Colleague: 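Have a look at this one.
Values in this document were obtained by computation on a predicted structure and should not be read as measured data.
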Amino acid sequence: NTPISETGGESTLTATLKDGQGNLVNAIGDVTVTLAYSGSATAPGTAAEDYTLSGANQPNIVIASGTSSGTVKITAKTDTTFEGDETVIVEISDVGGNGSENGTQEVTVTINDTNPVPTVTLAGNTPISETGGESTLTATLNDGQGNLVDAIGNVTVTLAYSGSAT
């Protein structure tokens with residue numbers, strides 16, 4: 001597991017050619033390593049993408065003829081929404097050319113969220129008359145600086161009551 005910061009953190013994934021004894025070997029002809037991406041992070045090419053890919057042949061890796069490795073880079077995109085840590089899971093789905101996968105290869109990159117956990121502020125109108133009346137309580141979400149933020153999913157606020165009224 002490779003952790004990177006949500007504020008532009010990078011992780012370089014490298015595919016390497018080795019012989020049966022673990023020694024580096026050069027490709028004879030290009031070797032294309034086809035990668036499959038999954039995980040909780042939103043993939044590139046969407047409005048809410050959490051990361052981008054860079055490299056000559058992204059989203060895949062090509063080990064050029066005469067070389068022993070190739071790379072693709074994952075770069076986290078900065079956002080202002082607390083989402084919690086997210087993952088990018090990268091697996092080899094196919095190897096073309098003069099190469100093969102040695103067992104199952106998988107890498108997990110964790111994008112560490114750098115946004116503060118939202119806090120709940122409770123406000124209400126008081127006092128109310130003993131002969132009847134009501135008070136409306138409003139719960140709002142805000143970031144660490146007091147700015148309102150939108151909830152991602154439902155947020156449940158459990159209230160506890162105390163005081164002398166019965």
Side-chain angles (χ1 to χ4, degrees), residues 1-120 139-158:
N1 188 348
T2 304
I4 61 175
S5 172
E6 180 181 55
T7 55
E10 298 177 341
S11 179
T12 300
L13 308 180
T14 304
T16 306
L17 285 178
K18 295 183 180 181
D19 63 17
Q21 287 75 44
N23 301 310
L24 290 176
V25 295
N26 290 334
I28 300 172
D30 290 352
V31 175
T32 300
V33 181
T34 304
L35 302 174
Y37 296 84
S38 61
S40 59
T42 304
T46 62
E49 68 185 8
D50 290 311
Y51 63 97
T52 60
L53 299 172
S54 58
N57 300 287
Q58 59 85 18
N60 301 314
I61 295 174
V62 172
I63 302 172
S65 182
T67 66
S68 60
S69 65
T71 63
V72 67
K73 186 185 297 182
I74 296 174
T75 303
K77 290 193 70 178
T78 303
D79 65 27
T80 57
T81 304
F82 176 80
E83 303 161 302
D85 294 347
E86 299 173 289
T87 59
V88 181
I89 301 169
V90 185
E91 298 178 80
I92 295 175
S93 63
D94 186 47
V95 178
N98 288 326
S100 64
E101 183 177 6
N102 182 12
T104 300
Q105 305 292 312
E106 179 181 287
V107 174
T108 300
V109 176
T110 300
I111 301 172
N112 293 327
D113 196 338
T114 57
N115 297 302
V117 176
T119 59
V120 175
T140 56
L141 279 178
N142 59 67
D143 62 13
Q145 291 77 42
N147 301 309
L148 294 179
V149 296
D150 293 328
I152 296 178
N154 293 328
V155 175
T156 301
V157 178
T158 303

Colleague: The test is side-chain contact (heavy atoms from CB on, under 4.5 Å); show your working for E6 and D79 and say whether it passes.
Modeller: CA-CA 8 Å; E6 180 181 55; D79 65 27; 2.9 Å; yes
Colleague: Which heavy atom of G29 sits nearest a heavy atom of A27, and at what distance?
Modeller: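 In this case the closest contact between G29 and A27 is O-CB, 3.3 Å.
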Colleague: For T7, does its backbone N or O pair with a side-chain atom of S5 as donor and acceptor, under 3.5 Å?
Modeller: yes
Colleague: List the residues meeting side chain to side chain contact (heavy atoms under 4.5 Å, CB included) with D30, not counting sequence neighbours, and say none if there are none.
Modeller: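 With neighbours one apart ignored, the set is V62, A64, S65.
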Colleague: Is there a donor-acceptor contact under 3.5 Å from the side chain of D19 to the main chain of G22?
Modeller: yes
Colleague: May I ask you to decide if T34's main-chain N or O and D94's side chain share a donor-acceptor pair within less than 3.5 Å?
Modeller: no
Colleague: What residue pairs, at least two apart or across chains, pass side chain to side chain donor-acceptor pair (under 3.5 Å) with a residue in residues 42-54?
Modeller: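 Sorted result for residues 42-54: T42-D50, E49-K77.
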Colleague: Excluding sequence neighbours, so at least two apart, what forms side chain to side chain contact (heavy atoms under 4.5 Å, CB included) with Q58?
Modeller: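 Side chain to side chain contact (heavy atoms under 4.5 Å, CB included) list for Q58, sorted by chain: L53, V72.
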Colleague: Has N112 got more than 12 heavy atoms of other residues, nucleotides or ligands less than 6.0 Å from its CG?
Modeller: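 Atom CG in N112 is packed in, count exceeds 12.
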Colleague: Test side-chain contact (heavy atoms from CB on, under 4.5 Å) on K18 and T16 and set out the steps.
Modeller: CA-CA 6 Å; K18 295 183 180 181; T16 306; 4.1 Å; yes
Colleague: Could you tell me whether the side chains of T119 and N142 share a donor-acceptor contact shorter than 3.5 Å?
Modeller: yes
Colleague: Do V88 and I111 touch side chain to side chain, with heavy atoms closer than 4.5 Å?
Modeller: yes
Colleague: Rounded to the nearest 0.5 Å, how far does CG of N26 lie from OG1 of T67?
Modeller: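 Going from the OG1 atom of T67 to the CG atom of N26 covers 6.5 Å.
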Colleague: Does any part of the side chain of I89, heavy atoms only, come nearer than 4.5 Å to the side chain of Y37, both counted from C-beta?
Modeller: no
Colleague: Listed by chain and number, what are the side chain to side chain contact (heavy atoms under 4.5 Å, CB included) partners of N98, not counting sequence neighbours?
Modeller: I28
Colleague: Which pair of non-hydrogen atoms, one from A15 and one from V33, has the smallest distance, and what is that distance?
Modeller: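 Smallest heavy-atom distance, with atoms named: CB-CG2, 4.0 Å.
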Colleague: Output all residues satisfying side-chain hydrogen bond (donor to acceptor under 3.5 Å, both in side chains) with S11, sequence neighbours left out; order by chain, then residue number.
Modeller: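 Once residues adjacent in sequence are excluded, S11 has no partner under the side-chain hydrogen bond (donor to acceptor under 3.5 Å, both in side chains) criterion.
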Colleague: Would you call P59 and L35 a side-chain contact if the rule is heavy atoms closer than 4.5 Å?
Modeller: no
Colleague: Do L17 and L24 make a side-chain contact, defined as non-hydrogen atoms from C-beta onward lying under 4.5 Å apart?
Modeller: no
Colleague: Given side-chain contact (heavy atoms from CB on, under 4.5 Å), test T140 with V120 step by step and report yes or no.
Modeller: CA-CA 5 Å; T140 56; V120 175; over 6 Å; no
Colleague: Run the side chain to side chain contact (heavy atoms under 4.5 Å, CB included) test against E101 and tell me which residues pass, sequence neighbours left out.
Modeller: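 For E101, the residues satisfying side chain to side chain contact (heavy atoms under 4.5 Å, CB included) (neighbours in sequence not counted) are I92, V95, Q105.
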Colleague: Does V109 offer a backbone N or O that forms a donor-acceptor pair with the side chain of T2 under 3.5 Å?
Modeller: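 No, the answer is negative, given that no donor and acceptor are paired below the 3.5 Å cut-off.
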Colleague: On a heavy-atom basis, which atom in A139 and which in V157 lie closest, and how many Å separate them?
Modeller: CB-CG2, 4.2 Å
Colleague: If you define the side chain from C-beta out and look only at heavy atoms, does anything of T110 sit under 4.5 Å from T87?
Modeller: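 Yes. Closest side-chain heavy atoms under 4.5 Å.
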Colleague: Grab the two heavy atoms, one from D143 and one from P116, that are nearest each other, plus how far apart they are.
Modeller: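 Smallest interatomic distance, heavy atoms only, reads CB-CG, 4.3 Å.
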Colleague: Is there a side-chain contact between V90 and I74 (heavy atoms, below 4.5 Å)?
Modeller: yes
Colleague: Is a side-chain donor or acceptor of D113 paired with a backbone partner of E83 at a separation under 3.5 angstrom?
Modeller: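 Side chain of D113 to backbone of E83: a pair is present.
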